[in-house]
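All values derive from a computational prediction rather than experimental measurement.
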Amino acid sequence: MGRVMLPLYTPLYQPTGHEVAVIETTKGAVRVKLDGRGAPATVGNFVELAARGFYDDLKFHACKPGSVVLGGCPTTRALGPAQVEAAARGVIRGVHPGTGDARYTIADEWEGNPNNRHVLGSLCMAHKSDVNSGSCQFYFSLSEQPEFDDRFTVFGMTIDGLDAVERLDVGDVIKGISLEGVDQVELDEAVSREIPKPCSMQEVLQEQQAAEASDPIEV
């Protein structure tokens, strides 16, 4: 059985380099200076999602003290804080926080970026094991972790509210994300467009059958 392949998305919003995200959480507000120069696709994607309200009411679903606190999974939207905590422990069958996405992926951007450093307060894009598999989930680095610098894209740095970052835990809510320093005209145009959609299972199977039919027969 084939699996649904998510399309690789190039964000329409082009960062100005002055973007700041204000992430309102149940532990307080966190102001993050986004690195639109070093990670333009990641910042463009994050800004578009935030402007669409994608992150509103999502919960942080994983926390490793001294390492990372992870959020941005849409699976958590319909869950209360206690349910997220229970699901993260595997108590709720069939609910798996951390598996959701925006129905597309974006390109990795850590290579060649001198700002790609995991330190306390760094905002980073989470991804799966495959290349270019980041989508919407993000995490705050809770310490200096150079071993992650060539594995995950760092796209922002906390400039205010670091105490809130350090207090974040599983079940804490992202109340909303406001944006400063954006090109509002360009952002409005970007979010007015439809985002790419993944192929259906039927389309995946059709593509596989077409590929098999076109493969040369070896004798």
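A distance of 4.5 Å separates CG of Asp108 from CG of Asn132, quoted to the nearest 0.5 Å. Note that CG of Leu6 is 6.5 Å distant from NZ of Lys128, once rounded to the nearest 0.5 Å. For the atom pair Thr153 OG1 and Phe155 CZ, the distance stands at 9.0 Å (nearest 0.5 Å). From His61, atom NE2 reaches atom OG1 of Thr75 across 8.5 Å, with rounding to the nearest 0.5 Å. With values rounded to the nearest 0.5 angstrom, Ile23 atom CD1 is found 7.0 Å from Ile174 atom CD1.
Between the side chain of Asn116 and the main chain of Asp150, no donor-acceptor pair closer than 3.5 Å is present. Between the side chain of Arg77 and the backbone N or O of Asp56 there is at least one donor-acceptor pair closer than 3.5 Å. Side-chain atoms of Thr158 do not come within 3.5 Å of backbone N or O of Asp160 as any donor-acceptor pair. A donor-acceptor pair is defined here as one N or O able to donate and one able to accept, closer than 3.5 Å; no such pair exists between the side chain of Glu19 and the backbone of Gly36. Between the side chain of Ser67 and the backbone N or O of Lys64 there is no donor-acceptor pair closer than 3.5 Å. A distance-only check finds no donor-acceptor pair linking the side chain of Ser133 to the backbone of His127 [under 3.5 Å]. Judged by distance alone, with hydrogens and angles left aside, the side-chain atoms of Lys59 form a donor-acceptor pair with the main-chain N or O of Leu79 at under 3.5 Å. No donor-acceptor pair under 3.5 Å is formed between the side chain of Arg31 and the backbone N or O of Gly161. With hydrogens and angles ignored, the 3.5 Å screen pairs a side-chain donor or acceptor of Glu109 with a backbone N or O of Ala41.
Gln145 and Ser141 make their closest contact through NE2-OG, 2.9 Å (heavy atoms, listed as atom of the first residue, atom of the second, distance). The two residues Leu58 and Cys73 have their closest heavy-atom pair at CD2-O, 3.7 Å. Closest of all the heavy-atom pairs between Cys63 and Pro65 is O-CD, 3.7 Å. Of all the heavy atoms in Ala78 and Gln83, the pair that sits closest is O-OE1, 4.1 Å. Heavy-atom minimum distance, Leu70 versus Ala126: CD1-CB, 3.7 Å. Counting all heavy atoms, side chain and backbone alike, Val170 lies closest to Glu85 at CG1-CA, 3.7 Å.
For Glu147, the CD atom sits in a packed shell: over 12 heavy atoms of surrounding residues, nucleotides or ligands are nearer than 6.0 Å.
When the side-chain contact (heavy atoms from CB on, under 4.5 Å) test is applied to Gln14, no partner is found at least two apart in sequence or on another chain.
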field: Trace of the side-chain contact (heavy atoms from CB on, under 4.5 Å) decision for Phe54 with Cys136
entry: CA-CA 9 Å; Phe54 178 91; Cys136 58; 3.6 Å; yes

- request: Would you check, one step at a time, whether the test side-chain contact (heavy atoms from CB on, under 4.5 Å) holds for Leu12 with Glu189?
  value: CA-CA 8 Å; Leu12 298 174; Glu189 173 65 18; over 6 Å; no

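Within the structure, the ring pair (Phe, Tyr, Trp, His ring centres under 6.0 Å) test picks out the following pairs touching residues 6-33 (sequence neighbours left out): Tyr9-Tyr104.
Side-chain contact of Thr26 with Asp172: a donor-acceptor pair under 3.5 Å is present, judged by distance alone.
Leu123 has its side chain within reach of Phe140: a pair of non-hydrogen atoms, C-beta onward, lies under 4.5 Å apart. Arg167 is listed as a side-chain neighbour of Asp163, based on a closest heavy-atom distance under 4.5 Å.
Classification of the Tyr55-Phe138 ring pair by plane angle, with boundaries at 30° and 60°, yields perpendicular.
Ion pair Lys33/Asp35 not flagged as a salt bridge, since none of the NZ, NE, NH1 or NH2 atoms sits closer than 4.0 Å to an Asp/Glu carboxylate oxygen.
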